[in-house]
Amino acid sequence: MLSQWDVIVIGAGPSGMSAAGMAAKIGLQVLVVDEQPSPGGQIYKNITGKNAGQRFHDDELSDGTAVINGFFNQENICYYPNTVVWFIEKGRILCSMEGKKKEFKGIHIVVATGAMERPVPFRGWTLPGVMTAGSADLLHKSSGVLPHGPVVIAGNGPLLEKIQMTLHQRGVEIAAVADMSSKVKQAASLIHIPKALGDMSFLFKGAMMKKENLFSRVKTVSQVTGIRAEGEGAFEKLVLSTKRGDCSHFRGKTLLYHQGVIPRTHITKTLNVEHAWDRRQRYWYPKTDRYGATNVSGVHVVGDGAFVHGAAASVCKGELAALDIALQMGCICVEERKNLEKNIRSKYRKSLCTRDFIDGWFAPSKDIFHVDDDVTVCRCEGGSAGDIRNAVLEGCLNVNDIKIRTRCGMGPCQGRMCSSALSEIAARAAGVSPETMEPLKSRSPIRPIPFGEACSIAEEPLPN
Amino acid sequence: MKNNRVEEFEVAIIGGGVTGAAVGYGLAKNNKKVAVLDASSPVDRASRSNMGLIWCQSKALGNKGYADFGFLSSDLFEGLAKQLQEVSDIDIEYRGVGGIIPCLGGDEFDSRKTYIEKLTEEHGGSYPAEMISRQALERKLPRIRFGDEVTGATWCEKDGYLNPLNLVFALRKGMVRQGGTLYTEKRVSSISRKNGAYKLIAGDLEIRAEKVVLAGGLSNRTLAGTFGLRVPIFPDRGQVLLTEKVPDILPIPILGITRTPGGTIMVGFMHEKVGSDTGFVPESVAKEGRWAMRVWPDIAKLRVIRCWSALRVMPDDSYPIYDTVPGHPNIFLFNAHSAVTLAAAHVAVLTDFVERGVPKKEIEAFSLKRFKLKQGKV
Amino acid sequence: MSQNNIINKAGQARETVTVYFENKAHEIPAGISVAAAVLGHFDTIHTCVNVSTGEKRGPHCLMGVCFDCMVEINGIPNQQGCLVMVEDGMQIKRQEALFGGQ
């Protein structure tokens, strides 16, 4: 073990692995830490486990395997799975490994913690049996477990089509699909089709998925504007209302909700990286240059955690950050970086061809957070939408003050599940745009850590 | 020339933390036209980042006036809590349950005992704190298994705790409901004299007031600096670990280990002089944690959910500052490091000071005169 | 948590492990998370009770951000089931009380 690494990569998903792989190829000493027991991030979760062929679609399996092989074939990479980073500052991290506190020093930090489902509150969303389309996808990919049917699917976003197809192929009964997408936004996104034609295979796959779903003849209700989940101690039925004014309900054992995917910004906010608000996607993301560098020197952000672009783009982003770090460390010169990045940039451009179209087609409505006062927003502490609005009326015009007033964001998840709603509901109550309100702050510990371990003296690195 | 919104008040209070809000509440209750302007910078978060303790014990050998002021405040809390609940519908969760300072080892017990004896002497033989044995401590907190080194504790019946965040919000809301005005996210960038009164500029807002109260915590340094006054306060950093919720196993606060009414355990008691750095240093906090584990070993198993680091407002001699700015009898300056403990007294006594322009006997000693400061030019 | 649980004494990767949920034995596939085991193999989807609201919760995000898949594993409370892999002999219980009991 080294006493200091050139690069510490947090997260072993596609962007983290490719950043590590490229950095190692150039000769940098790289440490990769990941809280999961095996590499792959969320998209390729447990792809190295048994029977991966039964759990992953063919194209994901081959893409994921390629990235992982590239990762494991490098020397100079020290990979620690089952390692939870709980403290981070420029130059070092503190982790929990097998119940022990460990310190790792590194000159550069690459944040590759990826993205998460957009957490959108609605009445009944805390019932057992309510999950997201993404979590059902993760569950099946990583363990082969399928959600209990009948399954009701609701929302707006690319993962809805995917999970509908997967469940149907696996024989899980789908009670209904409540489509909350907007025809207006879809129509508006069509102008991006010419650019999207640059990645025909991606478009083709999407079209095939859509066709398969249409032919499966699952009951679909379109233009759904409001949903609520009901049940005694567990999800039992979804009640929905549409733009047309009609209501219906569907019984099921599982509800899968989806409103798109957003970058995970907990670590970047803890590092005081500057963030920006994207109007179309309606999320905060860390500001990075074309190599993933942030306003904090020594910190790069890669993958979907920088902006949600998908796995192919994530691999490119990881490699570009590694090149930038190599340049900063003096291992390569500007000319070399230029040469090495040529291919990566063209792959990157291709991977982004369909982005404007997809992002436009599935763009979230600004009204999805416009829930009733008594709907729970903070899953950990129980704070409601009404609590947030009252806090604004009392003069709390800063989301961090609203947190103090309502306790939203003070529980174990530290705002991961409620900060999106906090920003949107507070901004609307204050009559301003969410981008004018500073987002919820984050601090260490990044994850809960046992008191005794947090207060122990960090172990010295063992000699090699 | 910008067209500023101009508002007029009898009193404008700069700072809506626990002290500013207490004075605002008191003045509004007495039908004064009052405004509070609040905009906390990262260094001004003392009211949001404290343990919520009402702590009177062991203060302060050699300053009976200060100790008495603390006890006075403690006695007023029950009444204030009821009042605030009625007027604001916010429960400040006041618990006048007493407070404990544990002793590790025989030497610590003995030196604490001597200290309490001296305090008792200074208070004419009657001081509301005493040493208790380990057995007595265990009887007071039967659901805590104390570490082997714990030999006993000091116990003071006048101590207690509350929810400090609710306290600030209740005082603010109480003030507004009684006719006061609250401006948030409005940082005062200048104070100047105008036609015998004062003009404050905060963004697009212009406030005219007869009297001004500087209750901006550490920002009082800049505010008072306008008038050439050096305020003898400095930032004193504390870092706190907060754990997951636990049942009601710690109904009496231990100095350094408190359970909030909601169930979170807070550990922290350090004082660090590190300038205005509110960074979190795991190694420092770990030291505090290791002390906590010596007192209560089971705490090791709880998970730390969050931490914060904040700056106390510490006067150079640790005692409060209640005075007017030299040359400006209508500009009041209030700073204290135990502003939560003293909040109930502040509502009564500081409001009175602002109204009459003269401090009550209890707080006369806390003027700036004791510092023998060199004044700059106005 | 090490990977040793899926290698048995013969040095071969195990197909299944035996775990106990609420004291009842279950033979389940090796290499999956405790949350996946709850959702797929224990006839329940309810893992814990929320300490602030008292509501029953179950796994929601499956990736460690929601903290609703909390279970007690081998006597240690508040483990996120989606981040812990099943191991042979593991004792899993619902997280229904605050630390230290009711």
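Convention: sequence-line order gives letters A, B, ...; per-chain numbering from 1.
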Quiz item: Taking C:Ser52, C:Gly58, C:Cys82, C:Ser33 one by one, which has the highest count of heavy-atom pairs under 4.5 Å against chain A?
Solution: C:Ser52
Self-check item: Options A:Pro448, A:Pro412, A:Ser142, A:Gly134, ranked by heavy-atom pairs under 4.5 Å with chain C, top entry
Solution: A:Pro412
With a 4.5 angstrom heavy-atom cut-off, which part of [X] approaches chain C: side chain, backbone, both or neither?
| X | value |
| --- | --- |
| A:Arg407 | neither |
| A:Arg379 | both |
| A:His148 | side chain |
| A:Gln42 | side chain |

So, [X] versus [Y]: side-chain donor-acceptor pair below 3.5 Å or not?
| X | Y | result |
| --- | --- | --- |
| A:Glu453 | A:Ser96 | yes |
| C:Thr16 | C:Glu27 | yes |
| A:Thr268 | A:Thr265 | no |
| A:Arg447 | A:Gln414 | no |

Practice problem: Take the angle between the ring planes of A:Tyr44 and A:Phe56 and call it parallel below 30°, perpendicular above 60°, tilted in between. | Solution: tilted
Exercise. Please state whether the side chain, the backbone, both or neither of C:Cys61 comes within less than 4.5 Å of a heavy atom of chain A.
Key: backbone
